[in-house]
Q: 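There's a structure below that I have some questions on.
First the proteins, then the strands, lettered A, B, ... as listed; each starts at 1. Just so we're clear, the structure is a prediction, and the values are computed from it rather than from any experiment. Side chains are part of it too, since the values below use all heavy atoms of this structure and drop only hydrogens, waters and symmetry mates.
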Protein chains: 2
Amino acid sequence: MEHFPHTPPNLTKNQSMVMAALLKANGPLSAYTILDQLRSKGLRAPLQVYRALDKLVEYGMAHRLESMNAFVACRHPDGESESMVAFTICESCGEVTEISNDGFDRQLHKLAGGAGFNVKKSTVELFGQCEACA
Amino acid sequence: MEHFPHTPPNLTKNQSMVMAALLKANGPLSAYTILDQLRSKGLRAPLQVYRALDKLVEYGMAHRLESMNAFVACRHPDGESESMVAFTICESCGEVTEISNDGFDRQLHKLAGGAGFNVKKSTVELFGQCEACA
DNA sequence: CTGAAGATGTTATGTTATAACAATTAATAA
DNA sequence: TTATTAATTGTTATAACATAACATCTTCAG
Ligand SMILES: [Zn+2]
Ligand SMILES: [Zn+2]
Ligand SMILES: [Zn+2]
Ligand SMILES: [Zn+2]
């Protein structure tokens, strides 16, 4: 839910540094990995990273991968729905991609709705093999 | 994937104790909560619980909720598909339910397949309000 | 300017999970 | 049975992930 890619508010110093680290990474980063990368730029404590990540996730500029305790920059492909987000995580090469689809979003709400449940936020993480590794 | 509810192999002592703790709980339990409950029965270290949980998850008798770092007994409703599992997690009362659906499973594979991804295992966790709390 | 809200810095602590190794028990086969 | 192997258990220590609490500083509307 609340997925607003490509909508960068004015980021603070710490938020900018963390966002830059996520953008230049080729895959998900843990908060502590980010911290290590930014120690040379003055960051010293986990909280400085977690606070920045909280905001970036709130702004829709980053996502948390629950199954990996890690974070990625939003790579929302243009032309795809912004409704719901799913991630594919290749177990061979570690590549993570972000996909979404209106139809799937509706299916998901329908599935839950059938059980009387009103979905506000979803975590969908798919493990398997990417095209290159298959 | 590999969801085999109601297929209990012969469990070992620790596995049985952990499974019993999950079954009598009304919701998800963290490994450390399980440990505390089973200290009186002789368990002393986190690994004893984690090892049992690993097996129970492998057997399909329990599930790990990635977004909560917690575990639940499989409550797979009879008559539902065993293909893929989704969880609803009520943000008001904490109730967790397990649902699955063949159509949704196909949709999910199709969505990923469209991106060239072959899904082997999925994590779907839905947050919102249950019927009673809505 | 001034007060309120937000962001930062820092220390300490809480929570979740695994490494490494020794000992024991269960299953299998000669 | 007995040797061999595989699985499970027990234990200590440590790694990895996340937040509490509090003081300080910055931003910005009124
Ligand atoms: Zn995104
Ligand atoms: Zn791959
Ligand atoms: Zn189940
Ligand atoms: Zn509820």
Side-chain angles (χ1 to χ4, degrees), chain A residues 8-22 25 27-72 87 89 91 94 96 123 125 127, chain B residues 8-22 25 27-72 87 89 91 94 96 123 125 127:
Chain A
N10 291 338
L11 298 182
T12 66
K13 184 161 154 287
N14 288 2
Q15 289 161 13
S16 299
M17 289 193 296
V18 170
M19 191 64 206
L22 290 177
L29 297 178
S30 78
Y32 279 77
T33 300
I34 295 170
L35 176 59
D36 286 341
Q37 291 184 8
L38 297 179
R39 278 191 197 285
S40 60
K41 298 195 172 155
L43 287 199
R44 296 167 176 284
L47 252 190
Q48 295 176 293
V49 175
Y50 280 109
R51 289 199 278 226
L53 285 169
D54 282 349
K55 285 298 180 185
L56 294 173
V57 169
E58 182 186 325
Y59 300 153
M61 301 176 69
H63 299 286
R64 176 183 168 82
L65 295 174
E66 298 290 349
S67 57
M68 300 181 75
N69 294 328
F71 300 82
V72 287
F87 295 93
I89 301 164
E91 290 173 313
V96 173
T123 292
E125 299 175 12
F127 292 82
Chain B
N10 291 338
L11 297 183
T12 66
K13 185 161 152 288
N14 288 1
Q15 289 161 13
S16 299
M17 288 193 297
V18 170
M19 190 65 206
L22 289 177
L29 298 178
S30 79
Y32 279 79
T33 300
I34 295 171
L35 176 57
D36 286 341
Q37 290 184 9
L38 296 180
R39 279 191 196 283
S40 60
K41 298 193 172 154
L43 288 199
R44 295 169 176 283
L47 253 191
Q48 296 177 293
V49 175
Y50 280 108
R51 288 199 277 226
L53 286 169
D54 282 350
K55 285 298 180 185
L56 294 173
V57 169
E58 182 186 326
Y59 300 152
M61 300 175 70
H63 299 286
R64 175 182 167 81
L65 295 175
E66 298 291 349
S67 57
M68 299 179 76
N69 296 326
F71 300 83
V72 286
F87 295 93
I89 301 163
E91 290 174 312
V96 173
T123 292
E125 299 175 11
F127 292 82

Q: Rounded to 10°, tell me the angle between the two end axes of the helix from C/dC1-D/dG30 to C/dA30-D/dT1, each built from five pairs.
A: 40°
Q: Are any of the side-chain nitrogens in A/Arg51 or A/Asp54 under 4.0 Å away from the carboxylate oxygens of its partner?
A: no
Q: Which sits closer to the 5' end of DNA chain D, B/Pro46 or A/Phe71, going by the nucleotide each is nearest to?
A: B/Pro46
Q: Just the rounded figure in Å: distance from C1' of D/dA18 to CE of B/Met68.
A: 16 Å
Q: Could you tell me whether A/Ala45 contacts a base, only the sugar-phosphate backbone, or nothing, with contacts defined as non-hydrogen atoms closer than 4.0 Å?
A: base
Q: Figure out the CG/P separation between A/Asn10 and C/dA7, and round it to whole Å.
A: 11 Å
Q: Heavy atoms from C-beta onward define the side chain here; which of D/dC17, D/dG10, C/dT18 lies closest to that of A/Ser30?
A: D/dC17
Q: Which nucleotide wins on minimum distance to the side chain of A/Gln15, given the candidates D/dT9, C/dT8, C/dT16?
A: C/dT8
Q: Hey, which sits more toward the 5' end of DNA chain D by its nearest nucleotide, B/Ala52 or A/Arg64?
A: B/Ala52
Q: Check whether any side-chain heavy atom of A/Leu35 sits under 4.5 Å from a side-chain heavy atom of A/Pro46, and report yes or no.
A: yes
Q: Would you mind telling me which of D/dT9, C/dT8, C/dT16 lies closest to the side-chain atoms of B/Asn69?
A: C/dT16
Q: Quiz question: by atom type and distance under 3.5 Å, do the side chains of B/Ser67 and B/Glu125 form a donor-acceptor pair?
A: yes
Q: Select one nucleotide: of C/dG9, D/dA18, C/dA19, the one nearest the side-chain heavy atoms of A/Leu43.
A: C/dG9
Q: Provide, to the nearest angstrom, the distance between the CG atom belonging to A/Leu56 and the P atom belonging to C/dA7.
A: 11 Å
Q: Do A/Arg51 and C/dG9 share a donor-acceptor pair, side chain to base, under 3.5 Å?
A: yes
Q: Whole angstrom is fine here: how far is it from CG in A/Asp36 over to C1' in D/dC17?
A: 13 Å
Q: With distance as the sole criterion, do the side chain of A/Tyr32 and the base of D/dA18 form a donor-acceptor contact below 3.5 Å?
A: yes
Q: State which of C/dT16, C/dT10, C/dA7 makes the closest approach to the side chain of A/Leu47.
A: C/dT10
Q: In terms of side-chain heavy atoms of B/Thr12, which of C/dT16, D/dT8, C/dA7 is nearest?
A: D/dT8
Q: In this structure, how many angstroms lie between the C1' atom of C/dT8 and the CZ atom of A/Arg44, rounded?
A: 13 Å
Q: Any side-chain heavy atom of A/Phe71 within less than 4.5 Å of one from A/Leu56?
A: no
Q: Would you indicate, yes or no, if C/dT8 has its OP1 or OP2 atom less than 4.0 angstrom from a side-chain nitrogen or oxygen of A/Lys13?
A: no
Q: Does A/Gln48 put a side-chain nitrogen or oxygen below 4.0 Å from OP1 or OP2 of C/dT8?
A: no
Q: Using a 4.5 Å cut-off on heavy atoms from C-beta on, say whether the side chain of B/Leu43 contacts that of B/Met17.
A: yes
